[in-house]
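In each ligand, atom 1 is the first atom listed, and ligand 1 is the first ligand listed.
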Amino acid sequence: MNISITKTTAPKQKPTDESALGFGKIFSDHMFLMNYTEGQGWHDPRIVPYGDLSFSPASMVFHYGQEMFEGLKAYRDAEGRARLFRPDMNAKRTNATNKRLCIPELPEDMFVEAVSELVRVDQDWIPSTPGTSLYIRPFIIATDDFLGVAPSKTYLFIIILSPSGAYYASGLVPVGIWIEDEYVRAVRGGIGFAKTGGNYAASLAAQVKAHDDGYSQVLWLDGVERKYIEEVGAMNIFFKIAGKIVTPMLSGSILPGITRNSVIEVCKHWGYDVEERKISVDELIAAQKDGTLEEVFGTGTAAVISPVGKLRYKDDVMTIGDGNIGEVSQKLYDTITGIQWGTAEDPFGWSVIL
Ligand SMILES: *Cc1c(COP(=O)(O)O)cnc(C)c1O
């Protein structure tokens, strides 16, 4: 790819207090853009100063939601180098999403090159305080000016970067999760496995309800029987039941998380039995009652591992563990973040140094 680079003439002031970065509020100096036109393919890859874009109000993305996104991070290691974590997996998932949403395929090497080049240009934006990172948000939107329902013939691929603070400023904190029994997120045959804004729009009502009741996230049940565990808001979910690591199998309605995949690989590497299967909420309640529900944790790029200390289902509130972090949860967090920041051995070859 021949990426043209136009550097900003007015670099922004970088945040000086890295403990106050938060998430998703600050953006770096540059962004990547590339157009797609039917008959011509992807063209005009370019890095330009970060700024507003202008679109026709008739642009298709505004009306029928033909849109996809990805999320990954760049980490600064002890030698000051930038590292990515399994960006090839984001490239593969991009195309799984694109296929479902009739968005043209984006060659995997183009995706990885675009991400890498933009991070190189804005590498000074990768914060260095332990736990901080540069969040990378690639996304594609449909740009035809047309109100008919059909796949767009033109698209824009955009990547923006946002320095983000440490998810856990003072150690891993167990969260409370609301098992949602009214709303559903996705059904098999739908778009649950695709990383697209529509899934999030559909999740907000339940999220607001859970927040109002003091729970930090929603745990979705299957959309047909409302009986089997699917995933958390923006995380996949794992259980340690009687020594085994159990997670819902990918059935089409669950987002195939890269952290999920990494956790499965690491647990197998450690010799754990890992089961990808259906887990009913009844099985969980029974396991909690007989004391075999040993650990519960969510997995996702933002938190890596998010221990769950409390699960609410209808009038039942289950507490997990003794308020402390489960042993496997903590070990997974240390191992995966160690690979990401380059402080631990990487037997899987997941870390990519830029
Ligand atoms: C992105 C996402 C995840 C986590 O995927 P990672 O690749 O591990 O970050 C889980 N569930 C949903 C709905 C997501 O959008």
Side-chain angles (χ1 to χ4, degrees), residues 23-24 65 67-75 84-98 100-101 108 111-112 115 133-140 159 162 164 167 175 177-178 180 183-188 190-207 210 216-223 229-238 245 247-267 276 296-308 329 332-333 335-337 339-340 348 350-352:
F23 177 79
E67 174 287 336
M68 68 76 56
F69 70 93
E70 269 301 328
L72 68 162
K73 287 172 168 180
Y75 311 85
L84 301 177
F85 182 71
R86 311 187 74 185
D88 56 310
M89 294 286 278
N90 298 92
K92 284 194 179 75
R93 189 168 64 191
T94 291
N95 286 315
T97 298
N98 285 10
R100 180 64 180 82
L101 298 174
E108 281 172 32
F111 177 98
V112 175
V115 165
S133 58
L134 183 66
Y135 186 76
I136 305 167
R137 167 54 56 83
F139 61 109
I140 301 173
I159 309 173
S162 176
S164 62
Y167 197 89
V175 295
I177 300 276
W178 171 287
E180 176 59 46
Y183 297 111
V184 298
R185 173 183 177 272
V187 291
R188 239 194 294 175
I191 56 170
F193 70 89
K195 212 165 171 75
T196 180
N199 284 326
Y200 281 83
S203 76
L204 295 176
Q207 176 82 18
S216 73
Q217 296 227 32
V218 168
L219 177 60
W220 299 102
L221 297 177
D222 76 279
I229 305 290
E230 298 237 303
E231 64 172 304
V232 191
M235 288 192 288
N236 296 109
I237 188 98
F238 282 77
I245 308 298
T247 192
M249 64 192 187
L250 300 177
S251 56
S253 52
I254 296 173
L255 199 292
I258 294 161
T259 321
R260 174 189 182 278
N261 177 279
S262 308
V263 162
I264 291 172
E265 293 295 311
V266 170
C267 285
E276 294 179 70
V296 180
F297 56 92
T299 66
T301 295
V304 186
I305 302 291
S306 177
V308 176
S329 310
L332 280 166
Y333 179 81
T335 302
I336 295 176
T337 56
I339 294 173
Q340 290 169 336
F348 311 97
W350 286 339
S351 222
V352 175

| said: Minimum heavy-atom separation for N236 and L255, please, with both atom names. | reply: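 That would be ND2-O, 2.9 Å.
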Could you identify the single nearest non-hydrogen protein atom to [atom] and state the distance to 0.1 Å?
atom	value
atom 8 (O) of ligand 1	T259 OG1, 2.6 Å
atom 1 (C) of ligand 1	K195 NZ, 1.4 Å
atom 9 (O) of ligand 1	T301 OG1, 2.6 Å
atom 5 (O) of ligand 1	G257 CA, 3.3 Å
atom 15 (O) of ligand 1	Y200 OH, 2.5 Å
atom 4 (C) of ligand 1	A234 O, 3.7 Å

| query | CZ of F193 to OG1 of T97: how many Å apart, nearest 0.5 Å? | reply |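 Between atom CZ of F193 and atom OG1 of T97 there are 7.0 Å.
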| query | How many angstroms lie between CG in D88 and CZ in R93, if you round to the nearest 0.5 Å? | reply |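 It comes to 11.5 Å.
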| said: Looking at ligand 1, would A302 count as a contact under a 4.0 Å heavy-atom criterion? | reply: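 For ligand 1, residue contact (heavy atoms, under 4.0 Å) with A302 is absent.
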Between [X] and [Y], is any pair of side-chain heavy atoms under 4.5 Å apart?
X	Y	answer
L72	F85	no
K73	I136	no
V263	F297	yes
R185	E231	yes

| message | For the residue pair R137 / S162, report whether a side-chain donor-acceptor contact shorter than 3.5 Å exists. | response |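 Checked: S162/R137 side chains show no N/O donor-acceptor pair below 3.5 Å.
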| query | Any side-chain donor-acceptor pair under 3.5 Å between S253 and E230? | reply |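 The answer is yes; a qualifying pair exists.
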Which ligand 1 atoms, with their elements, are less than 4.0 angstrom from a heavy-atom of [X]?
X	result
R93	5 (O), 6 (P), 7 (O)
G233	13 (C)
M235	10 (C), 11 (N)
R185	13 (C)

| task | Tell me which part of E70 gets within contact of ligand 1: side chain, backbone, both or neither, using heavy atoms under 4.0 Å. | result |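 The answer is neither; E70 stays 4.0 Å or more away.
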If we only count N/O pairs under 3.5 Å, is [X] in contact with ligand 1?
X	value
E231	yes
I258	yes
N236	no

| said: Could you go through R260 and E276, starting from their C-alpha distance and side-chain angles, then the distance that decides it, and tell me whether this counts as salt bridge (charged side-chain N to carboxylate O under 4.0 Å, His left out)? | reply: CA-CA 11 Å; R260 174 189 182 278; E276 294 179 70; 2.8 Å; yes
